[in-house]
Amino acid sequence: MKIIEGKLRLNGDERVAIINARFNHIITDRLVEGARDAFLRHGGDEANLSLILVPGAFEIPMALQKVLESGKFDAVCCVGAVIRGSTPHFDYVSAETTKGIANITLKYGLPVTFGVLTVDNIEQAIERAGSKAGNKGFEAMTGVIEMLSLYKSLKA
């Protein structure tokens with residue numbers, strides 16, 4: 001059986017965007033740091049890394065669509081943090097963000113990863129932004145790197 005999988009190594013010419021939701025920036029700034037770290041550690045050239053800031057997670061899908069339409073990027077890492085409150089707002093924002101990113105990813109067929117935290121409280125967000133549970137921004141970027149490699153393998 002032939003196994004086809006991506007590698008965790010960039011050539012250095014890959015153009016990658018991070019779309020970051022600024023809302024809950026104390027958390028999302030750490031996710032961006034993790035994503036940037038992963039990109040650089042795996043051979044990325046910082047000149048080919050762009051950070052696109054949007055107000056909140058709900059705005060990520062529209063920015064993602066514009067980024068992919070532009071043809072300027074090979075892949076996108078989406079990060080943000082939606083923290084549950086005492087109203088149903090969390091449910092709407094997290095669901096629509098997730099669906100929007102998934103639909104746009106399928107439409108354009110380029111590597112996109114979902115590093116948007118959907119957590120019950122600030123403690124869970126802190127854990128996932130670089131403490132106990134690692135940094136989900138770093139993990140989302142390693143997913144981008146692996147998928148870039150896999151896509152190249154599947155085209156060959």
Between Val82 and Val116, does the side-chain contact (heavy atoms from CB on, under 4.5 Å) criterion hold? Intermediate values first, please. CA-CA 7 Å; Val82 185; Val116 179; 4.2 Å; yes
Under a single-linkage definition using a 4.5 Å side-chain heavy-atom cutoff for Ile, Leu, Val, Met, Phe, Trp and Tyr, are [X] and [Y] assigned to the same hydrophobic cluster?
{"X": "Ile101", "Y": "Met147", "answer": "no"}
{"X": "Phe114", "Y": "Tyr151", "answer": "no"}
{"X": "Leu64", "Y": "Tyr108", "answer": "yes"}

Could you tell me whether the side chain of [Y] reaches within less than 4.5 Å of the side chain of [X], counting heavy atoms only?
{"X": "Ile4", "Y": "Leu150", "result": "yes"}
{"X": "Val76", "Y": "Ile52", "result": "no"}
{"X": "Asn135", "Y": "Asp37", "result": "no"}

Enumerate the residue pairs fulfilling salt bridge (charged side-chain N to carboxylate O under 4.0 Å, His left out) with a member in residues 42-62, sequence neighbours excluded, ordered by first and then second residue. Arg36-Glu46
Minimum heavy-atom separation for [X] to [Y], with atom names?
{"X": "Arg30", "Y": "Ala129", "answer": "CB-O, 3.2 Å"}
{"X": "Ile19", "Y": "Ala63", "answer": "CD1-C, 3.8 Å"}
{"X": "Ala21", "Y": "Gly80", "answer": "CB-CA, 4.0 Å"}
{"X": "Ser50", "Y": "Phe73", "answer": "OG-CE2, 3.5 Å"}

Can you tell me if Phe23 has over 12 outside heavy atoms packed within less than 6.0 Å of its CZ? no
To the nearest 0.5 Å, atom CG of Asp74 lies from atom CG of Asn48 at 8.5 Å
Taking the hydrophobic residues Ile, Leu, Val, Met, Phe, Trp and Tyr, and joining any pair whose side-chain heavy atoms are under 4.5 Å apart, which ones share a cluster with Ile126? Leu8, Leu10, Val16, Ile18, Ile27, Leu31, Val32, Phe39, Leu40, Leu49, Leu51, Leu53, Val79, Ile83, Leu117, Val119, Ile122, Met141, Val144, Ile145, Leu148
Backbone of [Y] reached by a side-chain donor or acceptor of [X] within 3.5 Å:
{"X": "Thr97", "Y": "Ser94", "result": "no"}
{"X": "Arg15", "Y": "Lys72", "result": "yes"}
{"X": "Thr113", "Y": "Gly143", "result": "no"}

The salt bridge (Lys or Arg N to Asp or Glu O under 4.0 Å) partners of Glu14 (sequence neighbours excluded) come to Lys152
